[in-house]
Amino acid sequence: MRKSACSGRWSLLPGAVVLSLLAGPAIAADPATQGPVPQNDLLNAELWMQRSVEYKANALAVYALGKIQLDKALADRNWTAATEQAGNYQDLPPAVVLDLDETAMDNSAYQTGLVTTGTDFSPKTWDAWVKAEKATAVPGAVEFTQYAESKGVKVFYVTNRSADQEEPTRRNAQALGFPIGGNVDTFLMSKEKPDWGSAKSTRRAAIAKDYRIVLLFGDNFGDFSDAYNGSDAERLKAYEAAKERFGRDWLMLANPGYGSFESAPYGHNFKLSADEKRAKKVGALEPWVAPTQ
């Protein structure tokens, strides 16, 4: 699965919906000829990620900064991005670690399919999407990873896609031009080993035994820290403790569609109804309300 925040959406969808999510964009009917349009919390987020030049520019900027920071890291043997790095790591070969979904690989077609069909994330449709190998590349991601490889840097992908999704994921990534590691297994999937759960520190630690991890890329706090799954207050405290790393060796892609930011207001309790979740998210806002006349 993509992220722990999505792993709780267990609604099962009929086969027809699975097919509709994978069929690609349909020709939209004239809204004026339709009835009321159902409201969907994902609409603006996915419209932004799939259609806006602002999203593309943001992603390109992150990966352009990545090249600059990579060169700095290669010139400084004491540089490491991993809190799991230990011992005499200075002479280890360099590596970068990327999350996949919405960091390196773009799944907006799956997400927008949820909007247009009025459905929710489910493991069944997500698995069908992964195995269809239809994900595209986030702008700048392929170019950055190829640049890293050209500098002798090993590129690892630490993803919460499951172990049984590794082969279609690898084929999809290779088709897009991502380096796939040669004779090194660079795709570290969730549940590939008993202690490789949704939290990613154990997988970063496994890489750090043999490599000096110089940069981390992600779209969720959990791609950098296991403190992602706490309350809003706990997440903010962890962020404040680590904020000097962002823009230096931790590089964050924007993803307003899903992630632990969205589930923190309702305590990551995915059993709540949609209305209960929405009410708690509204309650977490800090609004300014215009005075009445």
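- Judged by the 6.0 Å distance and 45° axis criteria, Lys67 is positioned over the aromatic ring of Tyr147.
- Tyr55 meets the ring pair (Phe, Tyr, Trp, His ring centres under 6.0 Å) test with Trp48; sequence neighbours excluded.
- In summary, of the residues considered (Leu253, Asp219, Val138), a side-chain contact (heavy atoms from CB on, under 4.5 Å) with Glu102 occurs for Asp219 alone.
- Tyr89 belongs to a hydrophobic cluster whose remaining members, ordered by chain and number, are Leu92; membership requires side-chain heavy atoms of ILVMFWY residues under 4.5 Å apart, directly or through intermediates.
- Considering only residues two or more places apart in sequence or on other chains, Asn78 meets the side chain to side chain donor-acceptor pair (under 3.5 Å) condition with Gln90.
- With a 4.5 Å cut-off between side-chain heavy atoms of Ile, Leu, Val, Met, Phe, Trp and Tyr, the cluster of Leu285 takes in none.
- The ring pair (Phe, Tyr, Trp, His ring centres under 6.0 Å) check on Trp79 picks up nothing, with sequence neighbours excluded.
- With sequence neighbours excluded, the residues forming a side chain to side chain donor-acceptor pair (under 3.5 Å) with Asp164 are Ser162, listed by chain and number.
- Under the ring pair (Phe, Tyr, Trp, His ring centres under 6.0 Å) criterion, Phe217 pairs with Tyr63, Phe144, not counting sequence neighbours.
- For Glu149, the side chain to side chain contact (heavy atoms under 4.5 Å, CB included) partners are Pro179, not counting sequence neighbours.
- The salt bridge (Lys or Arg N to Asp or Glu O under 4.0 Å) check on Asp275 picks up Arg278, with sequence neighbours excluded.
- Residues satisfying the side chain to side chain donor-acceptor pair (under 3.5 Å) test with Glu240, not counting sequence neighbours, are Lys243.
- With sequence neighbours excluded, the residues satisfying ring pair (Phe, Tyr, Trp, His ring centres under 6.0 Å) with Phe156 are Tyr211.
- Considering only residues two or more places apart in sequence or on other chains, Glu192 meets the salt bridge (Lys or Arg N to Asp or Glu O under 4.0 Å) condition with none of them.
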